[in-house]
Amino acid sequence: MKRRNAVAVTAGVCLLFAVFFIYPALAVVGEAFRDRDGGFTFAFVVEVFRNPVYVEGLWNALLLGVTSTFVTLLIAFPLALLSHRYDFFGRRILGGLILIPLVLPPFVGAIGVMHILSVTGSLNSLLIEIGLMDPGQRIDWLAEGRFWGIVVMNALHLYPILYMNIAASLSSLDPAMEQAAENLGCRPSRRLFRITLPLAMPGIFAGSSIVFIWSFTELGVPLVFNYSRVAPVQVFHGIKDLGGNPAPYALVAVILLISALVFGLTKFLFGRSTSGSQPRPKGRDAEKKLTGLNSLGCAMIFAGVFLVASIPHAGVVMLAFSDNWYDSIAPVHWTIGHFQEALGDPLVVPSIENSLFYAVVATLIAVIVGLAIAWVVVRSDIKGRSVLDALVMLPLAVPGLVLAFGYLALSQEGKPLHFMIGAGGSPALLLIAAYAVRRMPYVVRAAVAGLQQSNPAMEEAARSLGAGTWRTLRRISIPLIGANVAAGAILAFAFAMLEVSDSLILAQQAQHYPITKAIYTLLSTLGNGHELAAALGTWAMVFLGIAIVGATALGGKKGGLFKL
Amino acid sequence: MGAVMDSIRAESVVKRFGEVTALDGVDVEVAPGELFFLLGASGCGKTTLLRCIAGLEQPTEGGIFFGDTEVTGMPPHKREAAMVFQSYALWPHLTVGRNVAFGLEERKVPKEEIRRRVEEALRLVHLAGMDERGVDQLSGGQQQRVALARALVVRPRCLLLDEPLSNLDAKLRIEMRREIRRIVKEGGLTAIYVTHDQEEALAMADRMAVLNAGRVEQLGTPQEVYRSPRTAFVAGFIGETNLIKGRAVDFRAGFVQAETRFGLMVGRSTDPDWSPGTGDEVVLSVRPEAWRIGGVRGGNGASGTILERSYLGQRIQYVLESEAGRQHVVELNPELVREVGDEVGFGSRHEDVVVMKG
């Protein structure tokens, strides 16, 4: 690649990120530190820490983040280790199956769980049925265990991300590293702590930091569970009186600070470690073939995790097909009426159209820009390329909530990004920009992985045989990395379709709602709102499931897609 | 090192990976203190055999013995067979010193003794004072030596080396050959060394086994294997050779007379269990340096035309076109450079020709 082009791409991307990412994020921070006369002040942030309600919210969010991360790790690490060490019955299929819970935004799953855990829900009905509970003394599971409900929802939704990160970092280890330890007299159980764990640390921490930031700033699940004493929800409710109250800004600034701190610390501690992952040697895989009960046991663990993780999904689907599900383990009467009714609802069809439009355009932008970035990062030698690489990964560290808030603030009447608001207050451009920026890391990582695997000599060979730049790109480079890029694009598209925090905050008028906001709005409608929301959620689930299976089949093997 | 070394024995080892048979009944015995080579092309099963000995693979059939003890079912961490991996497998999260100390820590050796033995092992591989370095800061040759020190420091019952030099450049490789042989011999170690590089095997081995398609083709000292290959595969794999087909005419006192395209030729039989009858198909192997241009009095004779010539300083390589096809001929310390197209006579001594079952 010509140097001039590389510099141009770098400059362009930096400008794009400066306007649509750094500026909004900084604007939030700036707003938090500016008093009414435009001077600098710590007063608002101090006020946040003085106000017991906000302190409790932050503390709860932090607690949610840490606990969710630990629970997620407890699920993901053993799974990753098992599938790394052993070959067991149905491993390939089960390995794919356990990724499926990712297809549903957890707040939709929360609707299903609510119907299972409510006073008149499945669990109580089941307990009464088998005689373990007195019908007169039902337990309100969600009132007692709201916090843990959110933790479990987060963990069940996020463990695939961590699983894939750990699996990727385990599979890039030289199997001889572990064999050498064993060869020198180290028992397999000790080997785990002395060799495997330290070497897998970068993957564990990279995945954990994503999971932490995600669950620390999770908005949807607490909203659905009515858990309002948590910072993201407080911010969401604070939008209503944004004009007079600077507290939400200060709160968001603190959230951003904590997220950035965690992400930065992870990068600092583990970012530079090569940890025996290069060069990938030709050593054989060390996996052991299990037989009989051991093999079955492993398979059962995987199947068990999948089954438990699909309970929310099952709840949503049952709810969508149920005709008045109340006080029974499963719905007594089934109907497809909600799906038909949903199609007639003024919110549903436009929201699908809107989401499709936003997500398609955002994905296109992410793919084109992402490819260019990957090219510069892998194939050029300009100085700024590592900065560029770090820059495009930053959206993973900045919660969607923060970015959405920044966009909201900057697109107010008279603010610099007000031009992004379309006719009739359409948030299309804002949402597209938010989706594209936030999903860019997936595309870039996928494309970088593809480019790194394809030897530049292949392109040079084409050039030496007389192909021009464009023909080389079209005939050699794109076919070589096409699968990777397609996988990254599908993932970006799927996540854009079901994005929560930007969508909830930025879409203000019903006719511009994306799917997630439509679901959220349906939830608060009286009558059969929950059933309609579940029906829409079921559509989304099927759709996302197909997309993720496609992405995995195309190039997501070994979890490279989610690797940081 | 002073440890009591064991002999290593593999008895009729069979290893199958699904449909593929990697080892097809291998018998090998390595004497205590011997530097033994497993030599073969990639996919011949040599690394699989080494991994069976280390315990990293389970043989499908057969047994592995260290001395009189059967170790076939024993897990690798109890075997005391230290291995040097092709990729070195140094742990990047530990320093050079901690890498080397690992095996001793696992054996619960007292701290003071660990320190002393690590120092001693690093000195042995000429890396004294490097124990605080990170393994990423070392060159390929140094990493290789750390891997060696890590294996040696535990005073293993045997040392297993899996193509330890294949990632080094040519010059370093030759230097390390001498190093490894010195270390193995000074420590009186029993060592098994896997390689596909026949030159490495010839230069270093006490004895070697040539493997082909999961079987041992030949076992012997480098001289025996080079001078007296038992099969056409071994003759072709170890060094270069000219193979000539023929039919046995006479067999007497270990020498076979055979009818070939060059007329009657005489050569040594290398397989004591084989006595060819008249008319049996045979293959004759003549090394390029065994052919002498100008002929040998009382030996085998032939003639041909020079087709190609490469001048390599201390020797000249010719390719000759003859009645029995192309012949490679090497002349050492040549006095006369012949031209392409020249008609020449050439020949070989009877004892330099090997006759094998066809």
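Sequence lines set the chain letters: A, B, ... in the order given, protein chains first and strands last, and positions in each chain run from 1.
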*Asks:* To the nearest 0.5 Å, tell me how far B:His93 NE2 sits from A:Met201 CE.
*Replies:*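 Going from the NE2 atom of B:His93 to the CE atom of A:Met201 covers 10.0 Å.
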*Asks:* Can you tell me if CG on B:Asp169 sees more than 12 non-hydrogen neighbours from other groups inside 6.0 Å?
*Replies:*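 For B:Asp169, atom CG is crowded (more than 12 foreign heavy atoms under 6.0 Å).
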*Asks:* Which distance, rounded to the nearest 0.5 Å, do you find between the CG of A:Leu199 and the CH2 of B:Trp91?
*Replies:* 9.5 Å
*Asks:* State, with a plain yes or no, whether a side-chain heavy atom of B:Met83 is found less than 4.5 Å away from one of A:Gln179.
*Replies:* no
*Asks:* Who among B:Ala147, B:Ala81, B:Ala54 has the most heavy-atom pairs with chain A under 4.5 Å?
*Replies:* B:Ala81
*Asks:* Given 3.5 Å as the limit, does a donor-acceptor pair link the side chain of B:Arg107 with the main chain of A:Leu184, or not?
*Replies:*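 Yes; judged by distance alone, with no hydrogens or angles, the pair exists.
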*Asks:* Is there a side-chain contact between A:Arg191 and B:His77 (heavy atoms, below 4.5 Å)?
*Replies:* no
*Asks:* Check each atom of B:Arg79 against the heavy atoms of chain A and say whether the ones under 4.5 Å are side chain, backbone, both or neither.
*Replies:*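 Contact with chain A involves no heavy atom of B:Arg79 at all.
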*Asks:* Measure the shortest side-chain to side-chain distance between B:Pro75 and A:Arg187 over non-hydrogen atoms and say whether it is less than 4.5 angstrom.
*Replies:* no
*Asks:* Tell me if the CD1 atom of A:Ile93 is crowded by more than 12 foreign heavy atoms within 6.0 Å.
*Replies:* no
*Asks:* Considering residues, nucleotides and ligands other than A:Met300, do more than 12 of their heavy atoms fall under 6.0 Å from its CE?
*Replies:* no
*Asks:* Checking heavy atoms, do the side chain of B:Phe102, its backbone, both or neither come under 4.5 Å from chain A?
*Replies:* both
*Asks:* Should we say atom CZ of A:Phe306 is surrounded by more than 12 heavy atoms from elsewhere, each under 6.0 Å from it?
*Replies:*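 Yes - once you tally the heavy atoms of other residues, nucleotides and ligands closer than 6.0 Å, there are more than 12.
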*Asks:* Measure A:Arg190 against the heavy atoms of chain B and call it side chain, backbone, both or neither at under 4.5 Å.
*Replies:* side chain
*Asks:* Does atom CD of B:Glu70 have more than 12 heavy-atom neighbours, drawn from other residues, nucleotides or ligands, at distances under 6.0 Å?
*Replies:* yes
